[in-house]
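For reference, positions follow the sequence shown, starting with 1. What you see is a predicted model, and the numbers here were worked out from it, not measured in a lab.
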Amino acid sequence: MRPAGWLERLQWLAARFPEHGIGADLAALSAADLWGLYRFLTRIADGA
């Protein structure tokens with residue numbers, strides 16, 4: 001995955017799981033928060 005590819009995937013994951021209500025807040029999060037959110041949504045998407 002490209003270095004910034006995870007950010008693009010995070011946007012896709014946020015759109016895929018709108019019930020978590022995080023789409024509008026993405027721009028306000030720090031890089032560390034975004035990474036944690038990415039890992040969380042990735043686990044949900046993978047069924048973990």
Side-chain angles (χ1 to χ4, degrees):
M1 186 179 304
R2 296 185 343 239
W6 68 272
L7 287 171
E8 293 172 5
R9 185 151 192 256
L10 174 58
Q11 289 180 322
W12 178 82
L13 287 166
R16 182 174 173 199
F17 298 104
E19 64 272 14
H20 293 289
I22 45 123
D25 297 329
L26 287 177
L29 296 175
S30 70
D33 292 332
L34 289 171
W35 178 251
L37 180 60
Y38 171 75
R39 295 300 304 146
F40 171 72
L41 291 176
T42 299
R43 289 184 133 203
I44 291 173
D46 292 342

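With sequence neighbours excluded, the residues forming a ring pair (Phe, Tyr, Trp, His ring centres under 6.0 Å) with F40 are H20, listed by chain and number.
In this structure, the separation between CZ on R43 and OH on Y38 is 12.5 Å, given to the nearest 0.5 Å. Taking CG of L13 as the start and CZ of R39 as the end, the distance is 10.5 Å to the nearest 0.5 Å.
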>> As a quick check of understanding, evaluate side-chain contact (heavy atoms from CB on, under 4.5 Å) for R9 and L41, giving each step before the final call.
In response: CA-CA 10 Å; R9 185 151 192 256; L41 291 176; over 6 Å; no
Donor-acceptor pairs are to be reported for all side-chain atoms of residues 23-37 against protein atoms at under 3.5 Å, with residues two or more places apart or in another chain.
residue : atom : partner : partner atom : Å
S30     : OG   : D33     : N            : 3.2
S30     : OG   : D33     : OD2          : 3.1

